[in-house]
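Everything below concerns the one structure shown next.
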Amino acid sequence: MFRLIFERLFVVLLLLSSMNILIALTPLSREPAKVKAFAADVDRSSVAIEGSVYIFGGVLAVMRWRRVLRAAGTVWPLLALGALAFLSITWSVEPMVTLRRSVSLLAATVVAVYLGERYSINGFARLLAQTLIVMIILVLVLYLFAPEYVIDYSAYGGAWRGLSAYKNTFGDHMAIAVLLLVLVKFHRFNWIRYLFLLIAAGLLLLSRSANAVVCGVLSLAAIPLWHLMRSERRLLVYPLAALILLLGTYCVLAFPEPLFQILGRDATLTGRTQLWAILLPVIANRPILGYGYAAFWAGLKPEVLTVWIAAGRLVPVADNGYIDLALSLGAVGVCVLLYVFVQAFRRAIEYLKSEPGSIGLWPITYFCMFAVYNICESTLLTTGTFPFLVFAILATSVAVNQKRELASARTVGNQPFIEESLLLRSRAGTWVNRDLLSQLFTAPVTHLGRGR
């Protein structure tokens, strides 16, 4: 019992650490966002704590190494992606940066595989919801006593960044909290989730993260569509999804100004589209393997200076996870990640069909949110961040769940055949009825007993 409680505390600490809460509580976090993006100072205490968390997670994985290895076999492309990031040291423009961050990525992936095997999808969802509730409580307490830690007064007139480094990151966390608290159910005090659902929705709006709000609304709107997958009309899901996508694309292209004015943004997505156009020729210079994992934006290289001059501002990331992945690992990395995502999405559909409760909607809805969110943010394959960690855990969970269901189906399918046939195989390879053998060998013994 003590070990179980201690392990749950470790998971909560790991999730809170992946939300960058330790960094957010340092004095460096109160500096303006542009200063933090290029600050050279590193909080060594937070790095040490994060490293200790991964080391302890590695120890737990070693204690269950047989099961972890079996789980790793089901999600080997996910681990291959981390291995590719590590191998990119050989062609990286910043080898030491790639080495440090790829090791952290591999450690986070291994811990995610361990957690995906250790906890059921429902169990991890409840634990994740409880962790987000703890984070919300901490944000509210800090707002009462030290509001400068949770409000970024330099961004959009005081947008809330909570216990995160940026307001967009906090908005993403709150969007996940809203989605999860809609779907998960607590065994005790279930009314608490409704209370924190309202608080999380309010904090999501206070973050003023348009991308997080849009992703949250789209994810909730897609829930009825996923419900349709469980019915006999499941074939209608794909044409409906295609129709909705086409209508949405048409509305964005035909009426861009009114839509973006509602969100408080311009048609360039705060300069993102211009930046993406500048980065496409840079990707074309190294299209196959990229510049090395997390290496392009590190250091003052001619390519980065060219991007800054063309964009007219200093940018630390592309604000698009797919473009940043192409810069890091090229077309090879993008293809591997797409394969991982397609496999996870397919398994999430199977889980959706087999799990009748609302929690069955959680993996597929999160995968869609994760994919859409990275169109305007860069959390696709970033080191130890909360969105990628949850994605890796869920990808492992749905893979392990599918493997167990297939094994169970084989066992149940074979058992009636064994019990009903009652056949034994002789040395000659022929099948003999067990009841017939019993009669042949017991009849003489019974006869001799009666003779006596």
Side-chain angles (χ1 to χ4, degrees), residues 1-22 46-87 89 98-128 130-131 293-294 336-337 340-341 343-344 347-348 351 363 366-367 370 379 381-405 407:
M1 187 65 181
F2 175 78
R3 177 182 174 183
L4 180 61
I5 294 175
F6 190 72
E7 186 181 37
R8 291 174 67 88
L9 289 175
F10 158 73
V11 177
V12 172
L13 179 61
L14 171 67
L15 293 172
L16 292 176
S17 176
S18 68
M19 296 179 195
N20 293 325
I21 285 180
L22 298 176
S46 64
V47 173
I49 294 175
E50 182 180 354
S52 301
V53 168
Y54 285 134
I55 291 174
F56 185 75
V59 172
L60 292 177
V62 170
M63 293 174 63
R64 294 170 61 91
W65 64 273
R66 288 187 179 89
R67 295 187 177 186
V68 171
L69 281 180
R70 286 196 292 268
T74 61
V75 289
W76 63 265
L78 183 63
L79 293 170
L81 194 60
L84 179 64
F86 181 78
L87 290 175
I89 298 171
T98 299
L99 174 62
R100 183 175 67 252
R101 296 185 180 179
S102 62
V103 169
S104 179
L105 177 66
L106 275 173
T109 306
V110 170
V111 173
V113 171
Y114 160 73
L115 293 177
E117 187 279 329
R118 181 69 178 86
Y119 290 93
S120 66
I121 296 175
N122 193 9
F124 176 71
R126 288 198 302 270
L127 187 57
L128 178 59
Q130 293 165 4
T131 303
Y293 177 68
V336 174
L337 181 68
V340 171
F341 183 80
Q343 287 290 92
R347 289 162 176 162
Y351 178 73
Y366 179 78
F367 290 155
F370 182 70
T379 61
L381 196 64
T382 47
T383 303
T385 55
F386 179 73
F388 173 74
L389 186 64
V390 175
F391 170 78
I393 293 172
L394 280 179
T396 305
S397 295
V398 293
V400 171
N401 181 77
Q402 184 187 54
K403 185 177 180 180
R404 289 172 179 170
E405 286 189 350

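Numbering starts at 1 and runs along the sequence shown.
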### Intermediate values then yes/no, side-chain contact (heavy atoms from CB on, under 4.5 Å), V113 and W76
CA-CA 10 Å; V113 171; W76 63 265; over 6 Å; no
### Task
Quick one: do L381 and Y293 satisfy side-chain contact (heavy atoms from CB on, under 4.5 Å)? Show the steps, please.
CA-CA 9 Å; L381 196 64; Y293 177 68; 4.1 Å; yes
### Query
So does F86 have more than 12 non-hydrogen atoms from other groups sitting under 6.0 Å from CZ?
no
## Note on the structure
The reported gap from CG in L79 to CG in L84 (rounded to nearest 0.5 angstrom) is 12.5 Å
## Note on the structure
dist L13:CG -> S52:OG (nearest 0.5 Å) comes out at 9.5 Å
Is there a side-chain contact between [X] and [Y] (heavy atoms, below 4.5 Å)?
X    : Y    : answer
S18  : T385 : no
R126 : Y119 : no
V336 : F341 : no

### Task
Could you tell me whether the side chain of T109 and the main chain of L105 form a donor-acceptor pair under 3.5 Å?
yes
Please report, to 0.1 Å, the donor-acceptor pairs under 3.5 Å made by any side chain of residues 60-73, with sequence neighbours excluded.
from	atom 1	to	atom 2	distance (Å)
R64	NE	E117	OE1	3.3
R64	NH2	E117	OE1	3.0
R64	NH2	E117	OE2	3.1

### Query
Under the side-chain hydrogen bond (donor to acceptor under 3.5 Å, both in side chains) test, which residues partner T379, sequence neighbours left out?
N374
#### Entry: Pair F56-L14, side-chain contact (heavy atoms from CB on, under 4.5 Å): steps then yes or no
CA-CA 10 Å; F56 185 75; L14 171 67; over 6 Å; no
### Message
Between Q130 and V12, does the side-chain contact (heavy atoms from CB on, under 4.5 Å) criterion hold? Intermediate values first, please.
### Response
CA-CA 8 Å; Q130 293 165 4; V12 172; over 6 Å; no
Tell me which donor-acceptor pairs under 3.5 Å the side chains of residues 389-402 have, and how far apart each pair is, sequence neighbours excluded?
from	atom 1	to	atom 2	distance (Å)
T396	OG1	A392	O	2.9
S397	OG	G116	O	3.3
S397	OG	I393	O	2.9
Q402	OE1	R347	NE	3.3

